[in-house]
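Have a look at the structure below before the remarks.
Every value quoted in this text rests on a predicted model; they were computed, and no experiment measured them. Each chain gets a letter, A, B and so on, in the order its sequence line appears, and its residues count up from 1. Keep in mind that the numbers below use all heavy atoms, side chains included, and drop hydrogens, waters and symmetry copies.
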There are 2 protein chains.
Amino acid sequence: MNVNPTIHDVARAAGVSIKTVSNVLNDNPKVGPETRLRVRRLVDEMGYRPNLSARGLRSGKTGVIGLAVPSLREMYFAELADSVIRAAAKRGLRVVIEQTNGDRELEIATLSGGQMRFIDGLLFSPAAIGQQDVDVLTTDDPLVLLGERIFGGPTDHVTMHNTSSARAAVEHLLGIGRTKIALIGAPEQPADEASSANLRERGYRQALEHSGIGIDPRLVVRGGSWRRETGVAAIRRLRASNVEFDAVFALNDTLALGALRALAQDGLRVPDDVAVIGFDNLDEGRFSLPSLTSVDPGRDEIAETAVALLVNRIQEKDARAAPKTVKSGFRIVQRESTGFGDGDGGRLPSA
Amino acid sequence: MNVNPTIHDVARAAGVSIKTVSNVLNDNPKVGPETRLRVRRLVDEMGYRPNLSARGLRSGKTGVIGLAVPSLREMYFAELADSVIRAAAKRGLRVVIEQTNGDRELEIATLSGGQMRFIDGLLFSPAAIGQQDVDVLTTDDPLVLLGERIFGGPTDHVTMHNTSSARAAVEHLLGIGRTKIALIGAPEQPADEASSANLRERGYRQALEHSGIGIDPRLVVRGGSWRRETGVAAIRRLRASNVEFDAVFALNDTLALGALRALAQDGLRVPDDVAVIGFDNLDEGRFSLPSLTSVDPGRDEIAETAVALLVNRIQEKDARAAPKTVKSGFRIVQRESTGFGDGDGGRLPSA
DNA sequence: GCCCATAGGTACAACGTTGTACATTCCACC
DNA sequence: GGTGGAATGTACAACGTTGTACCTATGGGC
């Protein structure tokens with residue numbers, strides 16, 4: 001028995017032509033039920049599995065898509081990757097993950113690189129390139145953009161309601177009676193450029209201005225990457241500046257978790273002294289102490305939509321359709337850090 | 001300008017044969033410097049990129065390896081995937097990630113599935129199949145096993161020093177004066193079967209027996225998956241049973257983080273009242289409150305070794321070599337939860 | 001001036017699959 | 001009893017690349 005039988009071996013064993021075997025494998029109709037059965041049995045017996053390189057060469061499709069993200073060490077991207085892999089698996093696709101490390105050169109290389117003659121399409125979540133690089137997205141290969149760094153590009157784009165969900169987050173804090181709401185993880189300087197940070201800051205401002213409270217610049221902590229240390233440092237800065245605050249809106253969960261830590265260390269009670277809300281609804285927030293209220297940006301929906309758009313482009317159903325932009329729905333998942341619950345991380349308002 | 005030029009297009013443009021272009025691309029010597037230059041320039045100008053399906057078909061190698069893990073939502077596997085992708089990238093390989101969800105059928109399907117005619121080799125981290133399934137690993141395709149569920153199989157295997165590092169963890173607790181050391185995440189029933197849980201429990205027993213303290217079965221909390229809730233529940237069980245304990249060895253970091261949460265909720269100080277040590281050295285433990293002492297099992301080393309072994313098998317340098325088993329080195333990373341530091345998560349003994 | 005080595009190339013087949021176009025059988029129908 | 005048309009198949013080319021075998025100048029050694 002050959003170690004790796006080809007379609008020829010199966011055909012010979014079955015006494016039919018290779019095309020007939022191919023037809024059986026692809027459920028083409030032109031095969032009699034008896035022949036079909038015999039071929040199927042031999043395929044199983046011989047352990048035949050089609051060579052995807054050959055199939056890919058012939059058909060121009062490999063059944064593999066790429067997902068480019070900064071790093072799986074960032075939980076947001078690990079969870080996104082999980083969702084994307086599941087969405088792809090549903091459609092019989094596999095996913096190659098490319099880590100760009102938030103490196104500009106690597107991101108550009110990924111977009112224009114040899115990668116593209118191998119995968120059928122790419123889901124790309126940029127971290128370094130921005131609006132000014134919009135032209136590097138111009139390509140004939142199927143590409144779906146994720147995230148907030150580039151808008152109005154030439155490709156399909158899946159993003160979230162950053163501004164309105166951020167506004168809802170702040171309104172949630174207002175709703176539980178907080179008025180001195182700090183913002184942490186804000187961009188280095190407020191700008192109109194589209195980025196998660198800017199868009200979410202805008203939501204913060206809208207909520208406060210609309211409520212009549214207005215913005216106190218001392219409550220806005222700017223700068224730093226969205227890591228836990230930054231959340232810790234932000235709380236330290238607020239405390240050191242002696243400004244009073246009774247709530248914190250962290251622009252993502254990782255920052256929020258750092259903030260929780262720093263607040264606990266300073267003996268401040270959450271939510272009694274300070275309420276905290278994050279953004280991303282990471283698994284982790286369900287089990288922090290206290291558990292973390294967060295904006296759920298609909299990661300599964302984002303993944304599902306992005307894969308669906310990509311598949312459409314790959315199949316060229318949409319060959320030359322205008323680029324589409326889709327925003328996923330969001331919701332606030334309330335947990336202990338804004339007052340929900342009895343201190344039991346096990347009972348939560350949502351899965 | 002053709003959208004996707006092939007080697008033929010480049011050859012025609014350069015006025016040479018396709019083989020010459022191929023030779024230039026593969027740095028074969030039989031090309032004059034002038035021709036080489038001209039071809040190179042045209043490759044750039046035309047944006048030619050080799051079709052990897054064709055190359056894969058011809059050469060039998062795709063440049064893609066698979067990594068099968070239960071789920072990227074488990075931080076351990078996300079970090080492992082990060083390390084594997086980096087190790088693979090160093091060697092010019094890409095990684096397809098397959099999630100098995102800890103599902104037996106899916107794991108077996110992954111091993112014997114169509115996957116294999118597409119990737120050059122597979123790194124497989126089982127979560128459901130065990131020693132009794134050792135024969136499903138028998139395959140002619142390059143396969144490297146990760147983890148502790150199966151030993152003595154027919155493939156290369158990368159694992160860690162579970163028992164001795166667990167023993168070292170407990171000895172670390174003994175070393176800071178703790179004697180009533182609880183174990184959480186222990187297997188449902190103690191067994192000889194090789195699994196992370198059993199092997200690590202064995203280390204716990206060895207340390208305590210060797211120290212003369214011996215095992216108090218009331219301190220061993222059995223059952224539950226290694227999730228945060230389980231860590232929370234384990235502490236609750238210990239507290240409810242009224243047994244005294246001054247330290248906790250959690251069989252992984254996720255459990256330990258749950259334990260930290262439950263301890264804090266009960267007003268117990270860590271490490272003053274209860275010291276805690278985990279296992280895995282996740283990024284997350286660096287930023288928990290308090291930061292978490294943990295066993296670092298050498299994930300980068302594991303990834304690096306596993307990819308190296310796989311590449312050897314793929315290149316058949318080792319065509320029929322006996323299966324190798326490699327154990328990575330380990331070390332204890334001491335942080336606040338066992339007494340290190342001043343409460344500042346920013347200053348740590350190691351990156 | 002001849003032979004031979006060598007550098008620099010070329011032609012062709014092959015990898016395993018699927019699409020296109022055509023072949024054969026069998027039966028229903030007029 | 002010929003005609004048409006399903007039903008069931010087959011042969012061959014083609015996808016883009018690389019390995020094998022070969023070809024052709026050129027120049028050096030004698």
Mind calculating the distance between [atom1] ([X]) and [atom2] ([N]) to the nearest angstrom?
X	N	atom1	atom2	result
A:N4	C:dT17	CG	P	10 Å
A:L57	C:dG19	CG	P	13 Å
B:R58	D:dT20	CZ	P	8 Å
B:N28	D:dG19	CG	C1'	10 Å
A:R12	D:dT10	CZ	P	14 Å
B:N23	D:dT17	CG	C1'	12 Å
B:D9	D:dG16	CG	C1'	11 Å
A:K61	C:dT18	NZ	C1'	14 Å

Exercise for the section: Please work out if B:S59 contacts a base, only the sugar-phosphate, or nothing of the nucleic acid, heavy-atom cut-off 4.0 Å. Expected result: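 Nothing, no nucleic acid heavy atom in range.
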Handout entry: Sugar-phosphate only, base, or nothing, as touched by B:T35 at under 4.0 Å among non-hydrogen atoms
Key =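 Touches sugar-phosphate only.
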Practice task
Salt-bridge test for A:E304 and A:R299: reply yes if a basic N is under 4.0 Å from a carboxylate O, no otherwise.
Solution key: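 Salt bridge flag = no for A:R299 with A:E304.
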Would you say [X] places a side-chain N or O within less than 4.0 Å of OP1 or OP2 belonging to [N]?
X	N	result
B:S17	C:dG9	no
B:R55	D:dG16	no
B:N26	D:dT18	yes
B:T20	C:dG8	no
A:S22	C:dT18	yes

Problem - A:L25 or B:P33, whichever maps to the more 5' nucleotide of DNA chain C - result: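 Residue closer to the 5' terminus by nearest nucleotide: B:P33.
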Practice task
Show your working on side chain to side chain contact (heavy atoms under 4.5 Å, CB included) between B:T6 and B:N51 and close with a plain yes or no.
Solution key: CA-CA 8 Å; B:T6 74; B:N51 177 317; over 6 Å; no
Exercise for the section: Give a yes or no on whether a donor-acceptor pair under 3.5 Å exists between the nucleobase atoms of D:dG9, that is its base, and the side chain of A:K19. Expected result: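 Checked by distance alone, the answer is no.
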Practice task
Applying side chain to side chain contact (heavy atoms under 4.5 Å, CB included), run through A:L42 and A:E45 and close with a yes or a no.
Solution key: CA-CA 5 Å; A:L42 279 165; A:E45 264 174 33; 3.8 Å; yes
Problem - Trace of the side chain to side chain contact (heavy atoms under 4.5 Å, CB included) decision for A:I129 with A:I150 - result: CA-CA 8 Å; A:I129 66 170; A:I150 303 178; 3.9 Å; yes
Handout entry: Test side-chain contact (heavy atoms from CB on, under 4.5 Å) applied to A:I65 and A:V311, A:I119, A:L310, the passing residue
Key =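 When A:V311, A:I119, A:L310 are each tested with A:I65, the side-chain contact (heavy atoms from CB on, under 4.5 Å) holds only for A:L310.
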Which nucleotide sits closest to the side chain of [X]: [options]?
X	options	answer
A:T6	C:dG8, C:dT10, C:dG16	C:dG16
B:V31	C:dT17, C:dG9, D:dT17	C:dG9
A:N51	C:dT17, D:dG19, C:dT18	C:dT17
B:K30	C:dT17, C:dG9, D:dG16	C:dG9

Exercise for the section: Determine whether the side chains of B:S195 and B:E148 contain a donor N or O and an acceptor N or O closer than 3.5 Å. Expected result: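 There is no such pair between these side chains.
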Handout entry: Donor + acceptor pair across side chains of A:R86, B:N101 (<3.5 Å)
Key =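 Yes, side-chain donor-acceptor contact under 3.5 Å.
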Practice task
Determine whether more than 12 heavy atoms belonging to other residues, nucleotides or ligands lie under 6.0 Å from atom CD of B:E34.
Solution key: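 No, not enclosed.
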Exercise for the section: Determine to 10° how strongly the helix from C:dG1-D:dC30 to C:dC30-D:dG1 is bent, judged from the axes of its five-pair ends. Expected result: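 About 50° separates the two local helix axes.
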